[in-house]
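Report on one structure; see the data block that follows.
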Amino acid sequence: MKKMILTVIAVLILLFSSLLIYHVFSEKSIEIDQGDETEDTVDNVMNEIDESLLNEDHEVEIGEMI
Amino acid sequence: MKKIWNLLIVLMLMASIAPLAFADEAEDSTDDVEIDDETQEQVEAMNNGIGAEVRLLQLEKSITINILKGEEIISNLTGLGFDTTELQAILVELELVKEEVIDTDPNATDTVQIFVDLKHDAVNLTKEFRDTLKEILDDDAIEQLRERIREMVCEQAQNLSKNIQNKIRQFNRNQLHRVYQIVGENDDSVLNQYRNGTLTMNQVKQQLRKTVNQMIKEKRYDLFSQLKQEKIQKHIKAKNCIQNASEGFQTRQESRLQKRLQKSENMSNNPVNEETCQRIRNRIDNISTSDTGNEDSGSDRQSNGHHGGNGNQQSGGGNQ
């Protein structure tokens, strides 16, 4: 019985540590990806400028009467 | 013994989760409103006077178009011998909302709150008009009427459109002027040309792209991070405004309706104005009843120990 409990605990520890390692590595790769994305490329700068502007065609929609 | 331990652990876990669940429920208030994503996005531009002015003018334009279309629909229906008192009463209310939009100060601290409130009222009145029309006419007749008013040209709306375009160009010019300052470009001729309508936004952007492309990497990074920072600050400010606008919504709605009731009671005595007053009175009663109902259900909730309906509303969103 004791052996079984120990085995279960060991399996759980293994599972948890592998999940932790996977999570750490995936976080790092996301950071690297974001680093690429958030780099000051001309496109990204232009996108930021774009977002600060108002679209001349935009309307405040309140629905149609009919 | 083991079973008891397991049971205890499960109970402890449940006890630790329970306060979290109750805390979430306690945050729901019957007086609050949920503001849709589109309105939240629109509010982001209202962090300065011109941006707020643009949004208020856009709201005024939409209401104006709907009032004119409503009048056209009513004139068609009257010609066919239908009773249009209710539809006319809805238009009177929509006129009152429009007056409130026009009277709103774009530089006031509560402009966002007023914008959210009035947009909510305009959306609801438009929907009510649509629903009332559906009770009067069948689908074919509605489709015919829709076709007839589709191509309607509204002079008032066109004037408002020009004014809005003018304000948007002023807003964008100011935004781009800040970018040019960061870039170190002091020549405003391109921006002035855009402001006067000689250049389009796309042409300005093409020129700006060339300038950004020629910048050294460090300077481009400075520009990028400053723009990001400003965006985040604007976003946080908008979030706070939205939070304020969503709180105490029902109380504000009641006070708006009281003011509208006073105005409509002062109008000349005719069946349409009487219907308008009655409609507003009914709505005030509904709010008071739902308040009392919610208070009751709140006390029930406390005594029974479980959560009842929160009566929260959804604001904004031009539902078709």
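To find a chain, count down the sequence lines: A is the first, B the second, and so on, and within it residues start at 1.
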Does a side-chain heavy-atom distance below 4.5 Å link [X] with [Y]?
{"X": "K228(B)", "Y": "E48(A)", "result": "yes"}
{"X": "V42(A)", "Y": "R220(B)", "result": "yes"}
{"X": "F224(B)", "Y": "T41(A)", "result": "no"}
{"X": "H58(A)", "Y": "R55(B)", "result": "yes"}

Of all of L223(B), I67(B), L208(B), which one pairs up most often with chain A through heavy atoms under 4.5 Å apart?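 The candidate making the most pairs under 4.5 Å is L208(B).
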From [X] atom [atom1] to [Y] atom [atom2], the distance as rounded to the nearest 0.5 Å:
{"X": "I164(B)", "Y": "D57(A)", "atom1": "CD1", "atom2": "CG", "answer": "11.5 Å"}
{"X": "N172(B)", "Y": "L54(A)", "atom1": "CG", "atom2": "CG", "answer": "5.5 Å"}
{"X": "K231(B)", "Y": "S52(A)", "atom1": "NZ", "atom2": "OG", "answer": "9.5 Å"}

So which part of [X] gets closer than 4.5 Å to some heavy atom of chain A, the side chain, the backbone, both or neither?
{"X": "L91(B)", "answer": "side chain"}
{"X": "L133(B)", "answer": "side chain"}
{"X": "K205(B)", "answer": "both"}
{"X": "I63(B)", "answer": "both"}
{"X": "L227(B)", "answer": "both"}
{"X": "L137(B)", "answer": "neither"}
{"X": "M201(B)", "answer": "side chain"}
{"X": "K234(B)", "answer": "side chain"}

message: Within the supplied structure, the quantity of interest is the number of heavy atoms (other residues, nucleotides, ligands) at a distance under 6.0 Å from D138(B) CG; does it exceed 12?
response: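 More than 12 within 6.0 Å, yes.
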Checklist entry - In terms of heavy-atom contacts, does CD of E56(A) have more than 12 from other residues, nucleotides or ligands at under 6.0 Å? => result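 Yes, CD of E56(A) has more than 12 neighbouring heavy atoms, counting only those of other groups under 6.0 Å.
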Inset, instruction - Before giving the answer on side chain to side chain contact (heavy atoms under 4.5 Å, CB included), spell out for D43(A) and R209(B) the whole-Å C-alpha distance, their side-chain angles and the decisive distance to 0.1 Å. - result: CA-CA 8 Å; D43(A) 278 342; R209(B) 179 176 275 276; 2.9 Å; yes
Close contacts, residues 173-183 of chain B versus chain A, judged by heavy atoms under 4.5 Å
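Within residues 173-183 of chain B, near chain A: Q175(B), L176(B), V179(B).
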- [ ] Of all the heavy-atom pairs spanning R146(B) and I66(A), show the shortest one and how long it is.
- [x]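 Closest approach of R146(B) to I66(A): NE-O, 3.4 Å.
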- Query: Which atoms form the tightest heavy-atom contact between I168(B) and N55(A), and what is the distance?
  - Reply: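 Distance-wise, the nearest heavy atoms are CD1-O, 3.7 Å.
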* To do: For the pair E64(A) and R130(B), evaluate salt bridge (charged side-chain N to carboxylate O under 4.0 Å, His left out) and give the outcome as yes or no after the intermediate values.
  => CA-CA 8 Å; E64(A) 288 290 334; R130(B) 219 163 45 225; over 6 Å; no
Point to revise | Donor-acceptor contact below 3.5 Å, side chain T126(B) vs main chain G63(A) | key: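 Side chain of T126(B) to backbone of G63(A): no pair is present.
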message = Treating N66(B) as the side-chain partner and M65(A) as the backbone partner, does any N or O pair qualify as donor plus acceptor under 3.5 Å?
response =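 No; zero donor-acceptor contacts below 3.5 Å.
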Does any heavy atom of chain B fall under 4.5 Å from the side chain of M46(A), the backbone, both, or neither of them?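 It is the side chain, since no backbone atom gets that close.
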So among Q58(B), K119(B), E38(B), which one has a side-chain contact (heavy atoms from CB on, under 4.5 Å) with E61(A)?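 In the set Q58(B), K119(B), E38(B), the residue that makes a side-chain contact (heavy atoms from CB on, under 4.5 Å) with E61(A) is E38(B).
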Sequence-distant partners of T198(B), side chain to side chain contact (heavy atoms under 4.5 Å, CB included), two or more places apart: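 With neighbours one apart ignored, the set is Q193(B), N196(B).
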